[in-house]
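Quick note: residue numbers are just sequence positions, from 1. Bear in mind that the values here come from a model prediction, so they are computed numbers and not experimental data. First listed ligand is number 1; within each ligand, the first listed atom is number 1.
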Amino acid sequence: MTTIVLATRNRGKIVEFRAALENLGFTVRSLHDFPAFPDVVEDASTFRENALKKARATFTFTGLPSLADDSGLEVDALGGLPGVQSHRFAGPLGDDTANNAKLLTLLQGLPPEKRTARFRAVLALVWGEGKELTVDGTCEGVILEKERGSGGFGYDPLFYLPERDLTMAEMDLQDKNAVSHRGKAIQRLSGLLTDLIKRGELQHAHRCG
Ligand code: IMP
């Protein structure tokens, strides 16, 4: 069995990745299994660069194929904010409740047609020196005026999908993965992972540097 390390401590993300990767035959680890791994400063201006930075650092530390997700919410009325700042929108602690409250305050009084937004996720896989790939996924929705539902994480209780008449926080894990930015990116990644396994690439991953 090939081990893959998720370059995150975010339990919401880990839950969403685990089922898909275990189905492909991977043993899944996360940064909770590597407590000495130092935090990566996510200072790039794009999801892609931040994802690559996290995946490269995790690979260098663990020597194992490493998968990072950099993701966030882009609100049209805010010119694409919070974007890469989604986690720390309301402050350095990355508090979901405070982030959602700040978002509601900024959008106060705006009608539904002006509350359009999308989630975006970029996944980066690094399995050797210079051996890396990225895939992405998006999901379109509308920011509600108050929270609905208790599932998921982050902005899920405010992110409404009109075609489902549900927020992301009202969906179970399988439903969310079928429509979400991360779920779509994971689907794209699955085919590539299957090819890499067939070619024996991931078994030969080794520490660089
Ligand atoms: P990252 O860890 O820097 O990629 O930050 C991702 C942040 O974007 C999370 O902390 C959430 O605030 C937000 N986010 C990303 N994906 C989701 C999702 O699926 N649901 C809700 N919020 C999300």
Q: Check whether the side chains of Glu132 and Trp127 place a donor and an acceptor atom closer than 3.5 Å, and report yes or no.
A: no

Q: Is the closest side-chain donor-acceptor distance between Thr8 and Asn10 under 3.5 Å?
A: no

Q: Pairing donors with acceptors under 3.5 angstrom, does anything connect the side chains of Arg118 and Thr138?
A: no

Q: Would the distance check show the side chain of Arg115 and the main-chain N or O of Leu107 forming a donor-acceptor pair, the cut-off being under 3.5 Å?
A: yes

Q: At under 4.0 Å between heavy atoms, is it the side chain or the backbone of Arg9 that contacts ligand 1, or both, or neither?
A: neither

Q: Does an N or O from Asp96, backbone or side chain, lie closer than 3.5 Å to an N or O of ligand 1?
A: no

Q: Using a 4.0 Å heavy-atom threshold (strictly under), name the region of Phe153 that reaches ligand 1: side chain, backbone, both or neither.
A: both

Q: Can Lys54 be said to touch ligand 1, with heavy atoms closer than 4.0 Å?
A: yes

Q: Tell me which protein heavy atom sits closest to atom 19 (O) of ligand 1, plus the residue, atom name and distance to 0.1 Å.
A: Lys176 NZ, 2.8 Å

Q: Ignoring hydrogens and angles, write down the donor-acceptor pairs under 3.5 Å from the side chains of residues 80-89, residues two or more places apart or on other chains.
A:
{"unit_1": "Ser86", "atom_1": "OG", "unit_2": "Leu73", "atom_2": "N", "d": "2.9"}
{"unit_1": "Ser86", "atom_1": "OG", "unit_2": "Gly83", "atom_2": "O", "d": "2.6"}

Q: Report the nearest protein non-hydrogen atom to atom 15 (C) of ligand 1: residue, atom name, distance rounded to 0.1 Å.
A: Ser71 OG, 3.2 Å

Q: Can you tell me if Leu73 contacts ligand 1 (heavy atom of the residue under 4.0 Å from the ligand)?
A: no

Q: Short list, please: which atoms of ligand 1 are under 4.0 Å from a heavy atom of Asp70?
A: 1 (P), 3 (O), 4 (O)

Q: Starting from atom 16 (N) of ligand 1, locate the nearest protein heavy atom and write down its residue, its atom name and how far away it is, to 0.1 Å.
A: Arg182 NH2, 2.8 Å

Q: Just so I know, are the side chains of Val142 and Leu161 near enough to count as touching, which here means a heavy-atom distance under 4.5 Å?
A: no

Q: If hydrogens are left out, which of Lys13, Met168, His87 has an atom nearest to atom 2 (O) of ligand 1, that is, the closest non-hydrogen atom?
A: Lys13

Q: If you have a sec, work out which protein heavy atom is nearest atom 20 (N) of ligand 1 and how many Å separate them, to one decimal?
A: Asp156 OD1, 2.7 Å

Q: Does the Asp33 side chain pair with the main chain of Ser30, one donor and one acceptor, at a distance under 3.5 Å?
A: yes

Q: Suppose we measure from atom 3 (O) of ligand 1 to each protein heavy atom; which comes out shortest, and what is that distance?
A: Glu42 OE1, 2.8 Å

Q: Flag Glu16 as yes when one of its N or O atoms lies below 3.5 Å from any N or O atom of ligand 1, and as no otherwise.
A: no

Q: Check this for me: does any side-chain nitrogen of one of Asp156 and Lys176 sit under 4.0 Å from a carboxylate oxygen of the other?
A: yes

Q: For ligand 1, is there an atom lying under 4.0 Å from some heavy atom of Arg88?
A: no

Q: Report the nearest protein non-hydrogen atom to atom 12 (O) of ligand 1: residue, atom name, distance rounded to 0.1 Å.
A: Tyr155 CE1, 3.1 Å

Q: Using a strict 4.0 Å cut-off to heavy atoms of Asp69, name the atoms of ligand 1 that fall inside it.
A: 4 (O)

Q: Taking Asp39 as the fixed residue, which of Lys53, Arg9, Lys54 is the one that meets the salt bridge (Lys or Arg N to Asp or Glu O under 4.0 Å) rule?
A: Arg9

Q: Where does the angle between the aromatic ring planes of Tyr155 and Phe119 fall among parallel (under 30°), tilted (30 to 60°) and perpendicular (over 60°)?
A: tilted

Q: Report yes or no: does a heavy atom of Gly72 sit under 4.0 Å from some atom of ligand 1?
A: yes

Q: Do Arg182 and Ser71 have a side chain donor and acceptor closer than 3.5 Å?
A: yes

